Amino acid sequence: MPEPLHNLAFDAVRKSYATGTQAVDGVSCTIRGGSFVALVGASGSGKSTLLKMVNRLIEPSAGRITIGGTPVDAEPPHLLRRRIGYVFQNVGLFPHLTVGENVAIGLRLAGARDRDSRVAELLRLVDLPEAMAARMPDALSGGQRQRVGVARALATRPRLLLMDEPFGALDPVTRDALGKAIRGLHDTMGLTTLLVTHDMAEALLLADRVLVMEAGRIVGDATPADLLAGKGGAAADALVAVPREQAERLAALAR
Ligand code: ADP
């Protein structure tokens with residue numbers, strides 16, 4: 001039996017960098033276990049910093065982050081990170097390792113046996129041919145590389161998936177396909193997913209709930225339906241206006 005899904009909670013979380021920048025300025029919110037939440041906002045609004053405090057790539061200056069009520073700093077970071085999948089924008093595959101070795105890194109660190117069959121299973125999961133395990137990362141397209149990044153993030157069967165602009169460098173068609181694939185994996189694997197994106201259209205199409213960040217604070221928190229109905233507040237309205245107007249212009253062109 002998989003362990004039950006836990007809520008991820010932020011309690012008065014702050015982060016000020018040594019430079020004096022207050023990147024996260026008092027965030028309190030609870031992300032329900034099993035939900036798919038998008039964190040949207042302009043560049044520099046603190047999204048990445050907030051995300052990286054969950055798996056302790058960044059330590060908060062104040063406040064508390066808990067998973068299922070247990071503070072994330074209750075165990076050493078490497079054990080915490082086994083339970084949290086993390087996908088980042090530039091993928092970060094090791095260029096001198098094969099695709100299979102890249103996917104298996106977390107498994108190797110965890111001392112897992114029978115890694116080859118698990119790698120094959122993970123590649124199938126992200127719709128890549130098993131034979132790709134033998135390739136080097138530079139022999140893959142950007143979209144394929146990001147699928148490998150997702151396979152690697154899911155290798156140790158985490159229940160929580162953090163994604164930091166995972167589609168940022170991809171063309172729109174690949175981006176759309178990968179977004180749907182990730183939403184599919186979220187649903188079938190019963191994950192809790194936190195996706196950082198600056199793209200409100202992507203957030204509306206993929207997430208159950210959208211958090212809007214501005215200057216280190218959450219200034220909007222609503223479902224896509226409420227956001228589209230104009231119930232998300234001023235900051236969210238401004239971001240929703242862009243894809244809405246584009247959709248209207250396209251619809252007008254098609255008439
Ligand atoms: P976002 O992900 O929304 O683009 P970030 O969390 O990356 O925002 O950054 C929030 C703020 O913190 C920005 O002003 C950024 O310049 C600053 N910042 C991010 N990382 C560092 C760092 N390592 N040192 C100093 N300032 C940083």
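Everything quoted here is computed from the prediction, not taken from an experiment.
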Begin with the C-alpha distance, continue with both residues' side-chain angles, and end with the deciding distance and a verdict on side-chain contact (heavy atoms from CB on, under 4.5 Å) for S117 and E130.
CA-CA 10 Å; S117 63; E130 286 171 35; over 6 Å; no
Distance-only polar pair, side chains of T30 and N7, donor-acceptor under 3.5 Å
no
I'd like to know if D114 pairs up with R118 as an ion pair, taking the criterion as any Lys NZ or Arg NE/NH1/NH2 lying under 4.0 Å from an Asp or Glu carboxylate oxygen.
no
Could you tell me the separation between the OG1 atom of T197 and the CG atom of L206, rounded to the nearest 0.5 Å?
8.5 Å
Donor-acceptor pair, H6 side chain versus R32 backbone, under 3.5 Å?
no
Are the side chains of F167 and I182 in contact, using a 4.5 Å heavy-atom criterion?
yes
Verify same cluster id: V72, V37 (apolar side-chain graph, 4.5 Å)
yes
Count the heavy atoms belonging to other residues, nucleotides or ligands that lie under 6.0 Å from CG of D171, then report whether that count exceeds 12.
yes
Check the hydrophobic clustering (I, L, V, M, F, W, Y; side-chain heavy atoms under 4.5 Å; chains of links allowed) and say if I65 and L39 are grouped together.
yes
What residue among L97, T98, V119 forms side-chain contact (heavy atoms from CB on, under 4.5 Å) with V103?
V119
Checking D176 side chain against P172 main chain: does a donor-acceptor pair fall under 3.5 Å?
no
Would you check if V212 and L239 make a side-chain contact, meaning some heavy-atom pair closer than 4.5 Å?
yes
Do V54 and L191 share a hydrophobic cluster (ILVMFWY, side-chain heavy atoms under 4.5 Å, transitive)?
no
One should read off an interatomic distance between L93 CG and Q144 CD, to the nearest 0.5 angstrom, of 11.5 Å
Same cluster (ILVMFWY, side-chain, under 4.5 Å), L194 and V24:
yes
Could you tell me whether the side chain of S16 and the main chain of T21 form a donor-acceptor pair under 3.5 Å?
no
In plain terms, say whether R14 and D25 are close enough for a salt bridge, that is, a side-chain N and a carboxylate O under 4.0 Å apart.
yes
Smallest separation among heavy atoms of G232 and A236, with atom names:
O-CB, 3.5 Å
Once you round to the nearest 0.5 Å, how far does CG of D237 lie from CG of L227?
8.0 Å
Thinking salt bridges, do E214 and K47 make one under a 4.0 Å N-O criterion?
no
Answer yes or no: is there an ion pair linking E202 with R175, defined by an N-O contact shorter than 4.0 Å?
yes
Between CD on residue E121 and CZ on residue R115, distance to nearest 0.5 Å:
15.0 Å
Does the T156 side chain pair with the main chain of R82, one donor and one acceptor, at a distance under 3.5 Å?
yes
Would you please say whether a donor-acceptor pair under 3.5 Å links the side chains of Y17 and T49?
yes
Does the pair V13 and S28 meet the rule for a side-chain contact (heavy atoms from CB on, under 4.5 Å), with working shown?
CA-CA 7 Å; V13 174; S28 295; over 6 Å; no
Main-chain N/O of A222 paired with R209 side-chain donor or acceptor, under 3.5 Å:
no
Stepwise, does the side-chain contact (heavy atoms from CB on, under 4.5 Å) test hold for R147 with D127?
CA-CA 8 Å; R147 283 179 190 265; D127 285 326; 3.8 Å; yes
Mark yes when over 12 heavy atoms from residues, nucleotides or ligands other than R183 sit less than 6.0 Å from its CZ; otherwise mark no.
yes
Any D11 side-chain heavy atom under 4.5 Å of T66 side chain
no
Does G34 offer a backbone N or O that forms a donor-acceptor pair with the side chain of T192 under 3.5 Å?
yes
Would you check if the side chain of E59 reaches a backbone N or O of M53 as a donor-acceptor pair within less than 3.5 Å?
no
If you round to the nearest 0.5 Å, how far is CE of M132 from CZ of R124?
14.5 Å
Does a side-chain heavy-atom distance below 4.5 Å link L185 with V150?
yes
Of R81, R56, R83, the one forming a side-chain hydrogen bond (donor to acceptor under 3.5 Å, both in side chains) with E75 is R83
With a 4.5 Å limit on heavy-atom distance, are the side chains of V148 and P137 in contact?
no
Hey, does V240 have a side-chain heavy atom less than 4.5 Å from the side chain of L228?
yes
Is V87 close to Q146 at the side-chain level, that is, under 4.5 Å between some pair of heavy atoms?
yes
Hydrophobic clusters here meaning ILVMFWY residues chained together by side-chain heavy-atom distances under 4.5 Å, can you tell me if L160 and L211 are in one?
yes
Evaluate the side-chain proximity of L154 to L161: yes if any heavy-atom separation is below 4.5 Å, no if none is.
yes
side-chain contact (heavy atoms from CB on, under 4.5 Å) for V99 and M136? Distances and angles first, verdict last.
CA-CA 6 Å; V99 163; M136 300 309 284; over 6 Å; no
Between OG on residue S48 and CG on residue D164, distance to nearest 0.5 Å:
3.0 Å
